[in-house]
J.: 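Quick one: structure below, then a few questions.
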Number of protein chains: 2
Amino acid sequence: MGVSTRSRRAPLVQQVCSDRPLHKGGICAPTRKEDGLPQIDRSLIADAPAFAGLDAAALDDVLSHALPCRLPKGEAAFRQGEPAEKFFLLLHGRLRVTRLNAQGQQILVRFVNPDDLFGVAMAIQSPVYPGTAEAAVDSLALAWPNSAWAGMIARHPTLAVNTMRALGARLQDSQQRILDLSTQKVEQRIAGAVLRLARQAGRPSEAGVKIDFPLSRQDLAEMTASTLYTVSRTLSAWEAFGLVEAGRQSLTVRDAPGLQAIADAEG
Amino acid sequence: MGVSTRSRRAPLVQQVCSDRPLHKGGICAPTRKEDGLPQIDRSLIADAPAFAGLDAAALDDVLSHALPCRLPKGEAAFRQGEPAEKFFLLLHGRLRVTRLNAQGQQILVRFVNPDDLFGVAMAIQSPVYPGTAEAAVDSLALAWPNSAWAGMIARHPTLAVNTMRALGARLQDSQQRILDLSTQKVEQRIAGAVLRLARQAGRPSEAGVKIDFPLSRQDLAEMTASTLYTVSRTLSAWEAFGLVEAGRQSLTVRDAPGLQAIADAEG
DNA sequence: CGTACCCTTGATATTCATCAAGCATTGTGG
DNA sequence: CCACAATGCTTGATGAATATCAAGGGTACG
């Protein structure tokens with residue numbers, strides 16, 4: 001084993017971190033240029049994969065139906081069960097999408113990142129939103145009424161293809177998550193979730209790659225089908241091994257390859 | 001509690017089945033007319049949701065690029081990791097789609113039913129198949145080369161919309177499954193899986209609704225992130241309560257509302 | 001300055017996987 | 001047609017992973 005610790009939790013950290021040289025960094029999300037006060041302008045959406053392949057005129061057409069939508073931290077763009085009347089594109093900020101079951105237990109479906117579509121219930125023929133989307137930080141989105149959708153894809157068929165791809169990517173993610181839930185131990189799932197967050201929302205800092213929005217133990221628990229207690233113990237153990245730096249609603253990855261080794265370990 | 005049993009397993013059956021009147025039936029999949037020897041003909045695919053809204057000429061155009069594909073029981077249409085060169089529509093039979101993780105553990109992603117598209121890797125921009133599809137019974141499918149896709153959706157934009165809906169529905173299913181895996185106990189998940197199978201592939205029989213293809217304990221375990229041992233114990237307990245009739249690779253639902261009550265119970 | 005919120009850590013309980021052994025049915029080759 | 005292997009299934013005993021319960025500490029914010 002090579003390392004002796006009294007820490008009750010942390011079987012995989014111990015296993016994986018023994019006799020392995022420390023290693024810095026590895027994850028670095030592309031830095032995103034900060035918009036000042038956003039005005040509705042073609043350039044706002046030109047980079048979104050959802051609108052890839054549309055020319056300037058098409059973008060203007062698309063934009064002409066859009067309404068800006070400010071979402072102060074904590075506010076919901078929509079709530080589970082509400083009639084789905086709009087769909088959205090996130091311009092700036094970060095949203096937390098959650099879903100409740102009949103017994104009131106909640107999971108965190110995903111975080112919405114800038115340039116992501118969300119609330120596309122009409123793409124799946126659902127009359128209501130299947131989840132709740134609320135701002136994890138002050139955010140800004142564009143909203144389209146569902147009624148605009150049919151005309152938009154009729155005039156710009158590329159849109160249907162792009163949306164299909166976006167749904168396909170999310171389907172892939174979901175199936176991967178099912179696989180992880182079915183075959184991995186909690187500690188591995190937490191490692192995977194943290195790495196994904198660092199990739200999607202990591203900003204380089206002195207100590208490593210810091211996750212760019214408030215993230216609680218409860219959030220991580222709801223992402224990994226675990227409990228806030230187990231997440232807390234796991235992060236404490238990782239911190240003791242120098243893999244992460246954990247604070248109140250904040251998390252910095254110091255050793256991404258180390259976390260990856262945990263995620264990849266044999267169960 | 002009302003009922004006393006020595007059975008070690010079956011907390012929920014006991015709870016749920018005590019003092020509840022027995023109830024018959026409830027699930028009944030539409031019976032599907034048996035095709036004799038299928039020939040490639042417009043009527044074969046006219047009912048598939050994937051081709052809804054296409055007129056006769058469009059259907060003929062679509063069919064002109066399709067190749068029939070016989071899949072004897074046990075044979076794979078494609079295997080995980082193979083380059084994705086075709087996509088398929090199941091005409092007849094039943095396929096089991098599985099997915100392996102890096103450590104070789106397997107889950108059962110879904111069963112493909114007649115009129116379902118499968119192997120649509122190109123819709124999600126994946127160069128390889130993310131899973132393996134093999135025939136659970138002798139099956140028959142149509143196959144299109146991926147190269148035909150672009151032209152098909154260009155000529156028939158409805159196809160992109162239909163495919164988007166199909167992906168959306170599968171995304172919905174996946175997210176529901178994630179919710180179930182995250183919040184339900186094993187017994188509830190097994191109940192949910194059995195009910196879904198009965199709905200999709202149930203055929204009415206004397207004793208109730210019989211699942212129409214060979215289904216092992218291992219299959220159910222891989223669908224519910226459980227083990228064949230736990231599934232076996234669970235089915236035994238249910239059988240003792242008259243909820244199901246379980247045999248070698250066969251399962252008949254005798255009391256669907258009873259199973260539903262288990263699936264809906266508070267954890 | 002107090003109160004709500006987030007977090008930590010120990011002790012205990014529970015679910016369920018794992019291991020082990022054996023039975024039953026199907027299919028197969030002599 | 002029969003022996004026998006392969007496959008699928010059952011059931012008990014045990015143990016490990018992780019949830020749950022309980023108690024308290026720190027920190028931000030009104």
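Reminder, nothing fancy here: chain letters follow the sequence lines and each chain counts from 1.
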J.: Between B/Asp180 and B/Arg189, is the closest basic N to carboxylate O distance under 4.0 Å?
T.: no
J.: Which nucleotide wins on minimum distance to the side chain of A/Gln249, given the candidates C/dT8, C/dC7, D/dA17?
T.: C/dC7
J.: Between P on D/dT10 and CZ on B/Arg217, what's the gap in Å once rounded to a whole number?
T.: 4 Å
J.: Select one nucleotide: of D/dA19, D/dC21, C/dT18, the one nearest the side-chain heavy atoms of B/Tyr229.
T.: C/dT18
J.: At under 4.0 Å, does any side-chain N or O of A/Ser232 touch on OP1 or OP2 of C/dC7?
T.: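 Indeed not, no polar side-chain atom of A/Ser232 lies that close.
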J.: Expressed in angstrom and rounded to an integer, what is the separation of B/Lys73 atom NZ from C/dT26 atom P?
T.: 12 Å
J.: Could you pick out which residue, A/Glu239 or A/Arg248, lies toward the 5' side of DNA chain C when each is mapped onto its nearest nucleotide?
T.: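 Result: A/Arg248.
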J.: Any heavy-atom pair between the side chains of A/Arg94 and A/Asn113 that's under 4.5 Å?
T.: yes
J.: Sequence neighbours excluded, which residues qualify as salt bridge (Lys or Arg N to Asp or Glu O under 4.0 Å) partners of A/Asp116?
T.: none
J.: Nearest-Å distance, CZ (B/Arg189) to C1' (C/dT15)?
T.: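 Computing the B/Arg189:CZ to C/dT15:C1' distance gives 11 Å.
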J.: Step by step, work out the side-chain hydrogen bond (donor to acceptor under 3.5 Å, both in side chains) result for A/Glu222 and A/Gln106.
T.: CA-CA 7 Å; A/Glu222 288 174 8; A/Gln106 179 171 288; 3.0 Å; yes
J.: Could you give the distance from CG (B/Leu95) to CZ (B/Phe78), rounded to the nearest 0.5 Å?
T.: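 Interatomic distance, B/Leu95 CG to B/Phe78 CZ, rounded to 0.5 Å: 8.0 Å.
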J.: Starting at NZ of B/Lys185 and ending at C1' of C/dA17, how long is that distance when rounded to a whole Å?
T.: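 After rounding, the gap between these two atoms is 15 Å.
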J.: To the nearest 10°, let me know how far the axis at one end of the helix from C/dC1-D/dG30 to C/dG30-D/dC1 is tilted from the axis at the other, five pairs an end.
T.: 30°
J.: Under a 4.5 Å cut-off applied to non-hydrogen side-chain atoms, are A/Ile107 and B/Ile178 in contact?
T.: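 Answer yes - side chains close enough.
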J.: Indicate whether OP1 or OP2 belonging to C/dA17 is found under 4.0 Å from a side-chain N or O atom of B/Thr230.
T.: yes
J.: What's the closest nucleotide to the A/Leu228 side chain, out of D/dT10, C/dT8, D/dA19?
T.: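 Of the options given, the side chain of A/Leu228 lies nearest C/dT8.
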J.: Looking across every strand, which nucleic acid part, if any, lies under 4.0 Å from A/Thr227 by heavy atom: base, sugar-phosphate, or nothing?
T.: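 The residue A/Thr227 makes base contact.
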J.: Let me know the distance between CG of A/Leu251 and P of C/dC7, rounded to the nearest Å.
T.: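 Taking atom P of C/dC7 as the reference, CG of A/Leu251 is at 10 Å.
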J.: Taking atom P of C/dT15 as reference, at what distance in whole Å does atom CG of B/Leu181 sit?
T.: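 After rounding, the reported distance stands at 18 Å.
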J.: Just the rounded figure in Å: distance from C1' of D/dA17 to CD1 of A/Ile190.
T.: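 One finds 12 Å between C1' of D/dA17 and CD1 of A/Ile190, rounded.
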J.: Just N and O in the side chain of A/Ser236: are any of them under 4.0 Å from OP1 or OP2 of C/dC7?
T.: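 No, A/Ser236 has no side-chain N/O under 4.0 Å of OP1/OP2 on C/dC7.
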J.: Look at A/Lys73 together with A/Asp138 and state whether they make a salt bridge at an N to O cut-off of under 4.0 Å.
T.: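 No, A/Lys73 and A/Asp138 are not salt-bridged.
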J.: From CZ of B/Arg233 over to P of D/dG12, roughly how many Å is that when rounded to an integer?
T.: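 Rounded to the whole Å, the gap is 8 Å.
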J.: For a quick check of understanding: with a heavy-atom distance under 4.0 Å over all strands, which category does B/Ala221 fall into, base, sugar-phosphate or nothing?
T.: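 Touches nothing.
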